[in-house]
Amino acid sequence: MNYQFQFQPYQRPFKTPLKTAHGIWNIREGIILNLTNKQGNIGWGEIAPLSWFGSETLEDAIAFCQKLPSIISTETIFTISDSLPACQFGFESALIELNSNPLVDLSKLQYSGLLPTGEIVLNTWETLFQQGYQTLKWKIGVDEITTEINIFKQLVKIVIETLSSPQKIRLRLDANGGLTFEQAEYWLETCDLINANQDLIEIEFLEQPLSISQLDLMLELCDRYSTSLALDESVANLQQLNFCYQQGWSDIFVIKPAIFGSPRKLKNFCQKNKIDTVFSSVFETDIGQNSALKIASELLLYNRAVGFGINHWFIS
Ligand SMILES: O=C(O)CCC(=O)c1ccccc1C(=O)O
Ligand SMILES: [Mg+2]
């Protein structure tokens with residue numbers, strides 16, 4: 001099958017720049033593409049690379065699109081190199097949109113809301129909770145650890161004072177690989193104590209405490225603490241996911257479909273191995289988000305909230 005191919009780069013500024021352990025992020029840049037078939041139907045796709053997470057760069061993706069002819073085949077799409085995972089996602093999701101049943105039910109998904117870093121979280125959590133988010137994520141590893149643990153304990157205290165059973169918040173902590181082993185131990189001790197002593201706030205998991213090169217130490221943390229751990233940066237694409245799975249990771253895997261690579265290969269892996277997944281955004285636009293959410297709703301096994309509650313981060 002042949003398709004007519006068009007693409008257009010885009011830029012979207014954040015309302016408030018996003019702070020993570022990797023640094024400050026001001027503008028989301030990516031590419032919107034479309035494929036038109038012989039009947040004139042159009043399928044949209046998005047390429048939203050995140051090179052600091054291990055995907056190709058935006059420049060790589062633009063260069064790839066520029067080299068393609070204006071008519072491309074299904075075979076071209078299914079042979080995109082594994083070194084261009086965000087391109088694999090963008091083109092395959094446009095194909096999926098053209099060729100499959102559009103009636104995927106996204107209404108059953110629960111969303112996780114992303115909190116801002118720092119002390120402002122003490123006000124923001126309640127706004128998001130009132131908007132319906134029962135799962136929230138807070139970035140750590142950005143400030144001094146004593147400052148962050150202090151804010152975290154205040155947050156837990158306020159939540160406990162404000163909610164009453166059966167209300168409940170699940171909180172995810174995302175370190176973006178920015179902690180040392182000792183700092184991760186300190187966080188996990190604190191989380192274990194909170195989880196053991198009350199039911200109004202559950203620390204659902206600590207996400208990517210250490211860098212990709214320290215998988216052995218993260219496996220050790222899994223053994224030593226009862227709070228769950230999730231890998232994110234460590235499993236940014238299929239090759240990395242295969243590796244971590246083979247090394248024995250049996251806790252949570254955060255999957256960011258837009259940079260992971262071929263949706264078809266992701267589906268095969270998840271259906272074969274029944275892993276515990278959290279599907280998450282890379283701040284793509286609605287086009288990439290819709291494709292990612294369709295994948296999430298097909299593959300989600302344990303009903304964990306998807307990390308796509310991020311719209312309030314953008315100037316619309
Ligand atoms: O996962 C979520 O809940 C929100 C999305 C998120 O945190 C994120 C968004 C863009 C890039 C990296 C990350 C991350 O999980 O580290
Ligand atoms: Mg993360």
Quick one: does any side-chain atom of [X] pair with a main-chain N or O of [Y] as donor and acceptor, under 3.5 Å?
{"X": "E56", "Y": "A86", "answer": "yes"}
{"X": "T76", "Y": "I72", "answer": "no"}
{"X": "D251", "Y": "L229", "answer": "yes"}
{"X": "Q208", "Y": "S234", "answer": "yes"}
{"X": "W249", "Y": "I252", "answer": "yes"}
{"X": "E92", "Y": "F89", "answer": "no"}
{"X": "D192", "Y": "S226", "answer": "yes"}
{"X": "S112", "Y": "A305", "answer": "no"}
{"X": "E46", "Y": "T285", "answer": "yes"}
{"X": "N273", "Y": "I275", "answer": "no"}

Any donor-acceptor N or O pair under 3.5 Å, side chains [X], [Y]:
{"X": "D82", "Y": "Q88", "result": "yes"}
{"X": "S281", "Y": "Q289", "result": "no"}
{"X": "D60", "Y": "T57", "result": "yes"}
{"X": "N242", "Y": "Q239", "result": "no"}
{"X": "S73", "Y": "N2", "result": "no"}
{"X": "Y133", "Y": "Q110", "result": "no"}
{"X": "T20", "Y": "K139", "result": "no"}

Under 6.0 Å from the [atom1] atom of [X], do we count more than 12 heavy atoms belonging to anything else shown?
{"X": "Q240", "atom1": "CD", "answer": "yes"}
{"X": "L217", "atom1": "CG", "answer": "yes"}
{"X": "Q167", "atom1": "CD", "answer": "yes"}
{"X": "Y10", "atom1": "OH", "answer": "yes"}

Practice task
Walk me through it: do F152 and I203 pass the test side-chain contact (heavy atoms from CB on, under 4.5 Å)?
Solution key: CA-CA 11 Å; F152 175 62; I203 312 308; 3.6 Å; yes

Which heavy-atom pair separates [X] from [Y] by the least distance, and what is that distance?
{"X": "E148", "Y": "W138", "result": "O-CH2, 3.7 Å"}
{"X": "L210", "Y": "L179", "result": "CD2-O, 3.3 Å"}
{"X": "P116", "Y": "V121", "result": "O-CB, 3.9 Å"}
{"X": "F78", "Y": "R264", "result": "CD2-NH2, 3.3 Å"}
{"X": "I47", "Y": "C65", "result": "CD1-SG, 3.8 Å"}
{"X": "I151", "Y": "G118", "result": "CD1-C, 4.1 Å"}

Minimum side-chain heavy-atom gap [X]-[Y] below 4.5 Å:
{"X": "L171", "Y": "T135", "answer": "no"}
{"X": "L173", "Y": "C191", "answer": "yes"}
{"X": "L98", "Y": "Y3", "answer": "yes"}
{"X": "D143", "Y": "T117", "answer": "no"}
{"X": "N237", "Y": "I259", "answer": "no"}
{"X": "Q198", "Y": "I160", "answer": "yes"}

Same hydrophobic cluster for [X] and [Y], using side-chain heavy-atom links shorter than 4.5 Å among ILVMFWY?
{"X": "L231", "Y": "V278", "result": "no"}
{"X": "F205", "Y": "L301", "result": "no"}
{"X": "Y186", "Y": "L193", "result": "no"}

Tell me, with the steps shown, if I194 and T227 meet side-chain contact (heavy atoms from CB on, under 4.5 Å). CA-CA 10 Å; I194 292 164; T227 302; over 6 Å; no

Item to complete: Please state whether the rings of F91 and F5 are parallel, tilted or perpendicular, taking 30° and 60° as the class boundaries.
Response: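 Ring orientation of F91 relative to F5: tilted.
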
Report the distance from atom [atom1] of [X] to atom [atom2] of [Y], rounding to the nearest 0.5 Å.
{"X": "F129", "Y": "T124", "atom1": "CZ", "atom2": "OG1", "answer": "15.0 Å"}
{"X": "W125", "Y": "L136", "atom1": "CH2", "atom2": "CG", "answer": "8.5 Å"}
{"X": "N150", "Y": "I145", "atom1": "CG", "atom2": "CD1", "answer": "12.0 Å"}
{"X": "N195", "Y": "I201", "atom1": "CG", "atom2": "CD1", "answer": "9.0 Å"}
{"X": "F260", "Y": "F253", "atom1": "CZ", "atom2": "CZ", "answer": "10.0 Å"}
{"X": "L266", "Y": "I255", "atom1": "CG", "atom2": "CD1", "answer": "6.0 Å"}

- Message: side-chain contact (heavy atoms from CB on, under 4.5 Å) for L299 and T277? Distances and angles first, verdict last.
- Response: CA-CA 8 Å; L299 299 182; T277 46; 5.7 Å; no

- Message: Go through it in stages, so that I can follow the logic: the residues are E298 and K294, the test is salt bridge (Lys or Arg N to Asp or Glu O under 4.0 Å), and I'd like the CA-CA distance, side-chain angles, deciding distance and then a yes or no.
- Response: CA-CA 6 Å; E298 276 181 71; K294 278 185 203 159; over 6 Å; no

With a 4.0 Å cut-off on N to O distance, would you call R172 and E207 a salt bridge?
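Here R172 does not pair with E207 in a salt bridge, since their nearest N and O are not under 4.0 Å apart.
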
- Can a salt bridge be assigned to the pair E161 and K157 using a cut-off of 4.0 Å between side-chain N and carboxylate O?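 Salt bridge between E161 and K157, a charged N being under 4.0 Å from a carboxylate O: yes.
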
Full working for side-chain contact (heavy atoms from CB on, under 4.5 Å) between E59 and I62:
CA-CA 5 Å; E59 291 68 33; I62 291 176; 5.8 Å; no

Of R170, K137, R304, which is the lone residue that meets salt bridge (charged side-chain N to carboxylate O under 4.0 Å, His left out) with E204?
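Result for salt bridge (charged side-chain N to carboxylate O under 4.0 Å, His left out) with E204: R304.
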
**Prompt:** For the ring pair F269 and Y245, is the centre-to-centre distance below 6.0 Å?
**Reply:**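 They qualify: ring centres under 6.0 Å apart.
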
With K153, which residues qualify under salt bridge (charged side-chain N to carboxylate O under 4.0 Å, His left out), at least two apart?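 Salt bridge (charged side-chain N to carboxylate O under 4.0 Å, His left out) check on K153 returns nothing, list empty.
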
Please output the side-chain donor-acceptor pairs of residues 22-38 that fall under 3.5 Å, not counting sequence neighbours, one pair per line with the distance.
| from | atom 1 | to | atom 2 | distance (Å) |
| --- | --- | --- | --- | --- |
| H22 | NE2 | E233 | OE2 | 2.9 |
| W25 | NE1 | I27 | O | 3.0 |
| R28 | NE | V282 | O | 3.2 |
| R28 | NE | F283 | O | 3.2 |
| R28 | NH1 | P49 | O | 2.8 |
| R28 | NH2 | A48 | O | 3.1 |
| R28 | NH2 | P49 | O | 3.2 |
| R28 | NH2 | V282 | O | 3.0 |
| E29 | OE2 | Q11 | NE2 | 2.6 |
| N37 | OD1 | Q39 | N | 3.1 |
| N37 | OD1 | G40 | N | 3.1 |
| N37 | OD1 | N41 | N | 2.9 |
| N37 | ND2 | Q39 | OE1 | 3.2 |

